[in-house]
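Letters A, B, ... mirror the listed sequences (proteins, then strands); counts begin at 1.
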Protein chains: 2
Amino acid sequence: MLTVSLVEDDEDIRQSLAILINGANGFQCLAQYGDCPSVIADIQKNTPNVLLMDIGLPGMSGIEGIKIIKSMLPKLDIIVLTSHENDNYVFESLCAGACGYLIKDTSPARLLECIKEIYEGGSPMSTQIARMVVTSFQKKTENPLSPREMDVLNHLCTGRSYKIIAKTLFISEETVRRHIKSIYRKLQVHSNTEAVAKAFRDKLI
Amino acid sequence: MLTVSLVEDDEDIRQSLAILINGANGFQCLAQYGDCPSVIADIQKNTPNVLLMDIGLPGMSGIEGIKIIKSMLPKLDIIVLTSHENDNYVFESLCAGACGYLIKDTSPARLLECIKEIYEGGSPMSTQIARMVVTSFQKKTENPLSPREMDVLNHLCTGRSYKIIAKTLFISEETVRRHIKSIYRKLQVHSNTEAVAKAFRDKLI
DNA sequence: TGTAAAATGACCCTTTTGTGGCATTGTGGC
DNA sequence: GCCACAATGCCACAAAAGGGTCATTTTACA
């Protein structure tokens, strides 16, 4: 028996979901919650196989809730079920620890299938959402830095000093310094840490 | 008419795929290649809507090939079609620029569906592969750094000097220095750039 | 209640960085 | 051939960071 708990502030939707789950063969709705604090208080006593949660909740945001729940039960599979296919919500939910992301117009049959999928180690999401995720994975094709500057930047990321970088690349320390100045100008930063952080955020490395 | 080109070293498989695609309504196989150099040489003259490629190719690896092709045609949709569901291949392919990842036992009907999906802005992949991608997205739940150390690290990532961090956090510069020493010890690094790089790689921030 | 970890602060000294300006050589595109 | 840009190099000085060693207070947990 696959147990599912629900977090959803809309009474009607919550009831419908519970009926759907309890009516399906092999599924059982373990608990229902209307907000984050209640699920956080109860989830360790009543742990379901899968948690289905809305993120547009009153009070504490669902994203925050996911983070807290995940810190308590790292292995719990959480599916976000929301009405908006907004980019930020998708990324924030997945970063926070959700493993699946569905929009509310998902058909009942597909919803049950997704619950089964996540339980079996999958990550159900629409193919459009998968594209968002994959795209954010990929390195930038337009890179303002020259190949040599990338060399220097890569060495910088491993914590090497200018002196060591110079030796490694067979150039003088002054040239390393020159490349770094150029990197700072192009990335619009003013220190090595900021350059490294920007390089990671912009997916240059 | 949706045009598809193939990169696959196995003559038989390539022929079967071409027959499948040409036989389907609304699909056309534009070109076939047996290795990366040939597709790289020809793809700009004969650009398909979707490129279906194996990555276990003789000579230049498919991953390298994808990088080069993507740098020439950033908007081309590439589906990796491979026999192994190996973690590294998945990540490397997606990082290199592939938008879909299918294993070779995908049914002909599903394959056509996937080609259509990627063309329509989706990212076809199995739900297990989606899980790998999503997992690699998520922040670490075990974080060796204390909350205060995380504060300092976050400021470090924005390129702030110890002096500024001290002012912002209402502590002395010496305490900032102390936290940083502690961060270095825990992350086993010896410079600010290395700490920032490790924090990003370990998904602490 | 004791102990460990977190958070705070200080001093000293060496090394590294950031920034300013200046200059040469090669390479690819128009 | 000219121009932009990448890549190379040098000097000097102020600011920042790294690595020691020292210490106190609070908090959390067994």
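In this entry D:dA15 has C:dT16 as its Watson-Crick or G-U wobble partner, both defining distances falling under 3.5 Å.
Taking the side-chain contact (heavy atoms from CB on, under 4.5 Å) definition, one finds that A:R160 meets it with A:H155, A:T158, A:I164, A:I165, sequence neighbours left out. Among residues two or more places apart in sequence or in another chain, the side-chain contact (heavy atoms from CB on, under 4.5 Å) test is passed with B:N88 by B:N86, B:E92.
For the side chain to side chain contact (heavy atoms under 4.5 Å, CB included) criterion with A:V80, the lone passing option out of A:L102, A:V90, A:I66 is A:I66.
Remark: the backbone N or O of A:L76 is paired with a side-chain donor or acceptor of A:K70 at under 3.5 angstrom. Using modelled atom types, one side-chain atom of A:R131 and one backbone atom of B:I118 make a donor-acceptor pair closer than 3.5 Å. Side chain of A:T193 to main chain of B:C157: no donor-acceptor pair is present (N/O by atom type, distance under 3.5 Å, no hydrogens or angles). Side chain of A:E8 to main chain of A:D10: a donor-acceptor pair is present (N/O by atom type, distance under 3.5 Å, no hydrogens or angles). Using a distance-only test at 3.5 Å, with no hydrogens or angles considered, a donor-acceptor pair links the side chain of B:Q138 to the main chain of A:A98. A side-chain donor-acceptor contact under 3.5 Å links A:Y184 to the backbone of A:N192.
The OG1 atom of A:T3 sits 10.5 Å away from the CG atom of A:L51 when rounded to the nearest 0.5 Å.
For the pair B:L145 CG and C:dA6 C1', the computed distance is 12 Å after rounding to whole Å. When the P atom of D:dA12 is taken as reference, atom CD of A:E174 falls 11 Å away, rounded to whole Å. Atoms CZ (A:R177) and C1' (D:dC10) sit 11 Å apart, rounded to a whole Å. When the P atom of D:dT8 is taken as reference, atom CD1 of A:I180 falls 13 Å away, rounded to whole Å.
Using a cut-off of 4.0 Å between Lys/Arg side-chain N and Asp/Glu carboxylate O, B:K104 and B:D54 are scored as salt-bridged. Ion pairing between a basic and an acidic side chain is recognised when a charged N comes within 4.0 Å of a carboxylate O; B:E174 and B:R178 show no such pairing. Under 4.0 Å is where a charged nitrogen must lie from a carboxylate oxygen, and between A:E194 and A:K198 no such pair does.
Listed by residue number, B:R148, B:I171, B:S172 are the residues of residues 148-172 of chain B with a heavy-atom contact under 4.0 Å to DNA chain C. Contact check of residues 183-205 of chain B against DNA chain C (heavy atom, cut-off under 4.0 Å) returns B:K186.
Distances shown here put every side-chain N or O of B:H179 at or beyond 4.0 Å from the OP1 or OP2 atom of C:dA6.
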Per-nucleotide protein contact along nucleotides 24-30 of chain C, 5' to 3', at a 4.0 Å heavy-atom cut-off (B base, S sugar-phosphate only, - neither), is -------
Nucleotide N/O of nucleotides 21-25 of chain D paired with protein N/O under 3.5 Å:
{"unit_1": "D:dT21", "atom_1": "O4", "unit_2": "B:R178", "atom_2": "NH2", "d": "3.3"}
{"unit_1": "D:dT21", "atom_1": "O4", "unit_2": "B:K181", "atom_2": "NZ", "d": "3.3"}
{"unit_1": "D:dC22", "atom_1": "N4", "unit_2": "B:R178", "atom_2": "NH2", "d": "3.4"}

